[in-house]
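Below is one structure, written out as structure tokens; the observations come after it.
This is a predicted model, so every value here is computed, not measured. The analysis underlying the following values was restricted to heavy atoms, covering all of them including side chains, and did not include hydrogens, waters or symmetry mates. Throughout, a chain's letter reflects where its sequence line sits, starting with A, and its residues are numbered from 1.
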Amino acid sequence: IQIFEYNGSAVVAMVGKNCFAIASDRRLGVQLQTIATDFQRISKIHDHLFIGLSGVATDVQTLYQRLVFRHKLYQLREERDMKPETFASLVSAILYEKRFGPYLCQPVIAGLGEDDKPFICTMDSIGAKELAKDFVVSGTASESLYVWLMLALVFNKCFYFQEADELFETISQALLSSVDRDCLSGWGGHVYVVTPNEIKERILKGRMD
Amino acid sequence: MECVFGLVGNGFAIVAADTSAVHSILVHKNNEDKIMLLDSHKLIAASGEPGDRVQFTEYVQKNVSLYQFRNGIPLTTAAAANFTRGELATALRKLGELGLLDALLLKTQCSVFGCHASNPYSVNILMAGYDKEAGASLYYIDYIATLHKVDKGAFGYGSYFSLSTMDRHFRSDMSVEEAIELVDKCIVEIRSRLVIAPPNFVIKIVDKDGARTHAWRQSVQDVTTASV
């Protein structure tokens with residue numbers, strides 16, 4: 001069996017104008033069987049930092065618990081929240097620690113850094129960081145997501161960064177269309193659009209199959 | 001072929017499990033209780049390798065009791081479920097030494113060369129419980145330590161039938177009678193459509209009055225022979 005396709009997942013993050021959006025599907029499956037349609041893949045680390053984890057659900061949960069623990073310790077010591085770039089390095093280090101027995105997850109990190117500049121990155125299961133200026137994807141539906149988001153950028157002549165509402169539309173359409181072609185992910189979508197002042201969380205209704 | 005399934009109703013949770021203890025083609029016994037009482041208001045229905053199932057669920061039960069002795073209050077269902085997941089997750093990757101027998105089975109050199117292997121529990125668990133604040137809840141815990149709170153869940157080959165039946169007939173806040181009707185529908189489905197269907201099932205319920213056995217569904221009973 002392909003271990004990264006065991007539970008099925010789709011996670012995507014996109015940069016906007018002084019904001020970012022991070023979205024995931026909601027399916028928890030065991031190969032061909034669907035167990036739940038409300039699985040949380042995206043977690044908040046602090047108000048301006050989110051991490052979405054795709055891959056095997058057990059490692060998603062373990063890794064999330066470890067990262068929240070490390071961030072809480074950091075908050076106690078430094079008396080402030082971690083910057084997204086720092087957090088990305090932390091995740092990368094934690095993943096590489098297990099180089100020869102890795103966590104089977106691919107994280108997508110999205111946050112607002114200094115001066116509310118949006119930051120996104122993804123990495124593979126052993127912590128190879130990939131920074132991007134526009135969007136990052138992860139999960140079983142990643143290939144479709146790449147295509148959809150590239151098309152969205154090209155067709156909208158998006159050589160500009162979108163505002164929060166436009167960004168929400170773009171990322172939602174891309175997510176729903178991509179997971180509709182992937183049997184292992186879907187059953188709705190979960191989108192967070194984060195601006196410096198607020199976090200908007202929305203549930204998407206897609207094809208429930 | 002072990003079938004375990006459960007659902008949440010109005011202020012209660014029900015779990016049902018088959019009661020066959022099987023070893024290859026032989027059925028050792030027909031009345032093996034696979035649903036353990038964790039404490040007064042929690043049930044743990046487990047399926048998987050028999051040794052691991054008993055050992056691991058007893059381990060969880062004793063630790064839940066220990067918490068209650070130490071702290072004077074019982075664990076919540078969510079806490080017990082997370083504890084169980086933590087133990088499964090730790091055992092999943094914790095490297096232990098290979099004993100002589102394991103090494104022989106794997107045909108490698110044993111601890112002389114520092115051979116390590118993880119020793120995961122092969123147990124799938126449905127944990128049902130009732131808390132005053134949270135009400136009735138059901139937790140799905142995979143053998144690889146995937147935890148999820150669900151309204152209905154199932155494990156094993158029987159899950160292909162029971163989950164679909166529950167998807168069709170389940171509504172939130174069902175009464176006990178309606179839920180038992182649904183459980184019986186699932187058992188009928190499993191008995192008629194699963195090739196080596198287990199003949200007997202036990203149904204247990206947990207609500208504000210505690211966890212208890214609700215009913216047995218037996219189509220085959222152990223035959224006692226006259227002593228010679």
Side-chain angles (χ1 to χ4, degrees), chain A residues 1-9 24-43 53-69 94-105 125-126 139-140 184-188 190 208-209, chain B residues 3-8 47-48 78-79 81-96 114 116-126 137-164 166-167 170 172:
Chain A
I1 51 153
Q2 298 274 47
I3 191 62
F4 284 106
E5 294 170 9
Y6 186 72
N7 291 124
S9 52
S24 77
D25 74 320
R26 307 190 76 205
R27 178 182 180 267
L28 173 69
V30 171
Q31 290 180 298
L32 59 95
Q33 190 178 55
T34 300
I35 302 297
T37 56
D38 57 357
F39 189 65
Q40 277 264 56
R41 275 200 178 84
I42 299 175
S43 327
L53 290 153
S54 70
V56 179
T58 175
D59 285 342
V60 163
Q61 291 175 327
T62 304
L63 195 57
Y64 164 65
Q65 287 173 342
R66 281 197 71 186
L67 291 171
V68 158
F69 171 71
I94 285 181
L95 289 173
Y96 196 78
E97 252 179 7
K98 304 279 182 197
R99 171 64 177 84
F100 297 108
Y103 289 118
L104 301 159
C105 293
S125 58
I126 48 175
T140 48
L184 298 172
S185 54
W187 283 93
H190 208 142
M208 308 300 259
D209 66 0
Chain B
C3 307
V4 172
F5 60 94
L7 56 116
V8 173
S47 78
N82 275 289
F83 168 73
T84 307
R85 186 204 106 82
E87 291 302 306
L88 284 169
T90 308
L92 190 61
R93 286 167 187 266
K94 187 172 171 135
L95 292 179
H116 300 276
S118 67
N119 185 18
Y121 295 107
S122 314
V123 201
N124 295 311
I125 283 166
L126 277 177
S137 46
L138 182 67
Y139 287 89
Y140 169 103
I141 309 171
D142 214 335
Y143 74 102
I144 49 171
T146 308
L147 169 71
H148 198 67
K149 185 170 182 298
V150 292
D151 281 334
K152 45 183 153 49
F155 284 110
Y157 286 119
S159 68
Y160 292 119
F161 309 105
S162 49
L163 272 179
S164 306
M166 288 193 285
D167 280 338
F170 177 87
S172 46

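Residue contact with chain B, scored on non-hydrogen atoms closer than 4.5 Å, involves the side chain of Gln33(A) exclusively. With a threshold of 4.5 angstrom between heavy atoms, Ala89(B) approaches chain A through side-chain atoms but not through N, CA, C or O. Neither the backbone nor the side chain of Asp151(B) comes within contact range of chain A; no heavy atoms are under 4.5 Å apart. In this structure, chain A has a heavy atom under 4.5 Å from the side chain of Asn82(B), while its backbone stays farther away. For chain A, the nearby parts of Leu147(B) are the backbone and the side chain; heavy atoms of each come within less than 4.5 Å. Proximity to chain A (any heavy atom under 4.5 Å) is shown, for Ser118(B), by neither the backbone nor the side chain. Neither the backbone nor the side chain of Phe155(B) comes within less than 4.5 Å of any heavy atom in chain A.
Between the side chain of Asp59(A) and the main chain of Cys105(A), no donor-acceptor pair closer than 3.5 Å is present. A side-chain donor-acceptor contact under 3.5 Å links Thr58(A) to the backbone of Ala145(B).
For the pair Arg26(A) and Phe39(A), the minimum side-chain heavy-atom distance is 4.5 Å or more. Under the 4.5 Å side-chain criterion, counting only non-hydrogen atoms from C-beta, Tyr160(B) is in contact with Leu32(A).
Judged by distance alone, the side chains of Tyr103(A) and Arg66(A) do bring a donor and an acceptor atom under 3.5 Å apart.
In this structure, NZ in Lys152(B) is found 10.5 Å from CD1 in Ile35(A), a value given to the nearest 0.5 Å.
For the set Val56(A), Asp38(A), Val60(A), the entry with the most heavy-atom pairs within less than 4.5 Å of chain B is Asp38(A).
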